[in-house]
Amino acid sequence: MPELPEVETIARSLAARVAGDTVVSVWLGSKPQTWKSPPAEIARALTGARLAAIRREGKQIVIDLAHGRSRKIRQQWIVHLGMTGQLLVARPESEIEKHTHLIAHLGSGREIRFVDPRRFGRVSVREFAAHERHYEPLQVDLDTFAALFRKRKLPIKAALLNQKLLRGIGNIYADEALFRAGIRPRRRAGTLTRAELQGLYAAMRKVLKEAIAAGGTSISDYVDAEGSEGSFQLKLRVYQRTGEPCMVCRSPIKRIIVGGRSTHYCPQCQR
DNA sequence: ATACCGACCTGTCAGC
DNA sequence: TGCTGACAGGTCGGTA
């Protein structure tokens with residue numbers, strides 16, 4: 001489900017509702033795959049902690065945890081939503097959905113719930129880390145962006161999906177950015193010209209910003225922390241439009257597999 | 001080092 | 001009404 005715009009939307013809506021709140025107690029479900037840190041450690045870190053700040057890094061939600069009177073941030077709660085994960089702010093009386101794996105009971109009386117049917121999501125805690133290692137698509141400069149692809153033989157789409165290069169682009173926005181830039185997904189990354197890289201950089205930034213403004217893309221599961229859907233699915237130009245006419249030239253949109261993922265493009269507009 | 005592929009999960013939908 | 005197969009926002013580890 002969630003790529004950069006969706007995770008950004010969730011982080012903002014969580015921050016608006018529960019930043020400054022305190023975790024009174026926590027319930028953890030029994031599916032071991034969910035926990036990337038030992039569950040006892042997660043429970044210990046969360047219980048009694050104040051949620052000092054909530055933000056997005058790549059595709060994960062990062063919550064600063066403050067303990068005790070010093071209010072010093074020593075640990076962070078990390079949630080990666082995988083394909084179908086949701087972080088929801090709920091009232092205690094609301095029904096507990098199937099596939100709920102964590103409930104944090106807050107001092108305000110509300111709850112944060114982690115729901116994830118496919119269980120590709122991961123929950124962990126880590127010691128406070130101020131610096132990230134990889135590049136954010138909306139912060140990286142053009143020269144650094146261009147250098148990421150130099151000499152690489154893999155398809156440009158696979159490179160955009162590689163989180164070690166750029167953090168946050170997923171299947172939807174890779175396809176949409178490549179369409180807007182007029183570049184075929186299978187083009188070897190290292191063969192893009194300077195002009196094409198510049199176009200891709202601009203297209204990527206534009207589509208991500210527009211998607212954040214729209215509250216993300218809701219196809220089946222995705223909702224923000226308040227349960228609201230995004231609207232960017234109405235603005236998609238190629239993703240999941242196989243066979244439909246291109247909005248620019250009316251050629252049918254093609255679907256192929258690149259990097260093991262469904263890939264949608266216009267054979268006329270993308271070269 | 002780089003690139004590719006199957007595995008990890010549940011749910012939904014189309015076709016028979 | 002089942003049943004089967006394809007597909008779905010992501011990442012990881014093994015292999016060549």
Side-chain angles (χ1 to χ4, degrees), chain A residues 1-11 29-36 56-61 78-88 97-101 114-124 133-134 137 147-178 185-191 204 207-208 210-212 214-225 228-243 253-264:
Chain A
M1 156 194 16
E3 308 180 29
L4 186 154
E6 291 75 35
V7 182
E8 179 69 29
T9 303
I10 291 165
S30 58
K31 299 292 185 187
Q33 218 187 207
T34 304
W35 319 118
K36 214 170 131 190
R56 173 195 65 79
E57 282 177 17
K59 292 178 191 170
Q60 53 191 25
I61 307 273
I78 313 292
V79 180
H80 193 297
L81 298 162
M83 290 274 251
T84 53
Q86 302 178 333
L87 266 184
L88 301 165
E97 280 180 68
K98 198 176 173 185
H99 306 300
T100 298
H101 301 115
F114 175 59
V115 180
D116 182 17
R118 280 180 80 181
R119 275 185 268 138
F120 290 166
R122 295 289 180 270
V123 174
S124 60
R133 283 152 296 191
H134 309 304
L148 294 175
F149 307 113
R150 205 169 288 153
K151 290 189 190 167
R152 292 193 179 268
K153 295 197 181 118
L154 79 171
I156 182 62
K157 162 140 183 194
L160 289 173
L161 292 176
N162 184 346
Q163 303 297 300
K164 291 188 170 149
L165 301 178
L166 282 176
R167 318 177 67 187
I169 309 242
N171 210 29
I172 296 175
Y173 300 105
D175 281 5
E176 294 295 314
L178 287 167
R186 280 204 174 119
R187 281 281 302 283
R188 301 281 141 182
T191 70
M204 168 188 80
V207 74
L208 292 174
E210 287 176 19
I212 292 170
T217 300
S218 291
I219 289 173
S220 63
D221 306 275
Y222 161 70
V223 289
D224 71 11
S228 309
E229 297 191 343
S231 65
F232 199 73
Q233 63 278 10
L234 304 173
K235 307 256 181 75
L236 297 174
R237 300 185 190 174
V238 286
Y239 184 76
Q240 289 194 347
R241 295 193 64 244
T242 310
I253 300 300
K254 276 197 164 186
R255 176 180 176 275
I256 57 176
I257 303 296
V258 180
R261 315 290 304 278
S262 253
T263 297
H264 315 77

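Chain letters run A, B, ... following the sequence lines, proteins first and then strands; every chain starts at 1.
Among the atoms of the strands shown, base atoms are found under 4.0 Å from some heavy atom of A:Ile219. Note on A:Arg122: nothing from the nucleic acid sits closer than 4.0 angstrom, heavy atoms only. Within 4.0 Å of A:Ser218, counting heavy atoms only, lies at least one base atom of the nucleic acid. Contacts of A:Phe232 with the nucleic acid, taken as non-hydrogen atoms under 4.0 Å apart, are absent. Residue-level contact check: A:Lys31 touches neither bases nor backbone, having no heavy atom under 4.0 Å from any strand. The residue A:Pro155 sits close only to the backbone: its heavy atoms come under 4.0 Å of sugar-phosphate atoms, none of a base. If you check every strand for non-hydrogen atoms under 4.0 Å, A:Gly260 touches nothing.
Stems are defined here as 3 or more consecutive Watson-Crick or G-U wobble pairs with pairing distances under 3.5 Å; those involving DNA chain B are B:2-8 with C:10-16, B:10-16 with C:2-8.
Atom NZ of A:Lys153 and atom C1' of B:dA1 are 11 Å apart (whole Å). Rounded to whole angstrom, the span from the CG atom of A:Asp221 across to the C1' atom of B:dT12 amounts to 10 Å. With rounding to whole Å, A:Asn171 atom CG is found 8 Å from C:dA8 atom P. Rounded to a whole Å, the CD atom of A:Gln33 is 4 Å from the P atom of B:dC9. Whole-Å rounding puts the A:Gln240 CD to C:dA6 P distance at 18 Å. Spacing between atom CD of A:Gln86 and atom P of C:dA8 amounts to 19 Å, rounded to whole angstrom units. In this entry the distance linking CG of A:Leu81 with P of B:dC9 reads 18 Å, nearest Å. Atom CD1 in A:Ile156 sits about 13 Å away from atom P in B:dC4, given to the nearest Å.
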Next item on the list: For side-chain hydrogen bond (donor to acceptor under 3.5 Å, both in side chains), just list the numbers for A:Arg255 and A:Ser262, CA-CA rounded to whole Å, side-chain angles, deciding distance to a tenth of an Å, and then say yes or no.
Entry: CA-CA 7 Å; A:Arg255 176 180 176 275; A:Ser262 253; 2.6 Å; yes
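With a 4.5 Å cut-off on side-chain heavy atoms, A:Arg152 and A:Leu165 count as touching. A:Val123 has its side chain out of reach of A:Ile78: every pair of non-hydrogen atoms, C-beta onward, lies at least 4.5 Å apart.
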Review item, nucleotides 11-13 of chain C N/O atoms under 3.5 Å of protein N/O:
| unit_1 | atom_1 | unit_2 | atom_2 | d |
| --- | --- | --- | --- | --- |
| C:dT11 | OP1 | A:His80 | NE2 | 2.8 |
| C:dT11 | OP2 | A:Lys59 | NZ | 2.7 |

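The closest side-chain donor-acceptor pair between A:Asp116 and A:Thr84 falls under 3.5 angstrom. A:Glu6 and A:Tyr173 share a side-chain donor-acceptor pair at under 3.5 Å.
Screening residues 228-239 of chain A for salt bridge (charged side-chain N to carboxylate O under 4.0 Å, His left out), with sequence neighbours left out, gives no hits.
Side-chain to base pairing of A:Arg118 with B:dC9: one donor and one acceptor N or O lie within less than 3.5 Å of each other.
Looking only at distances, no side-chain donor or acceptor of A:Gln60 sits under 3.5 Å from a matching main-chain atom of A:His80. Proximity of a side-chain donor or acceptor of A:Gln163 to a complementary backbone N or O of A:Gly168 within less than 3.5 Å is detected.
OP1 or OP2 of C:dA8 sits under 4.0 Å from a side-chain N or O of A:Ser262. The phosphate of B:dG11 (OP1 or OP2) has a side-chain N or O of A:His99 nearer than 4.0 angstrom.
Annotation for A:Lys254: atom NZ does not count as buried by contact number, only 12 or fewer foreign heavy atoms lying within 6.0 Å.
When all heavy atoms are compared, the tightest approach of A:Gly170 to A:Lys59 is CA-NZ, 3.7 Å. The minimum heavy-atom distance between A:Asp175 and A:Lys157, with the atom names listed, is OD1-NZ, 2.7 Å.
Looking at the side chain of A:Arg119, the nearest of the listed nucleotides B:dT10, B:dA3, C:dA8 is B:dT10. For A:Arg255, the side-chain atoms get nearest to C:dA8 when compared with the rest of B:dC4, B:dG11, C:dA8.
Rounded to whole Å, the P atom of B:dC9 lies 16 Å from the corresponding atom of C:dG14.
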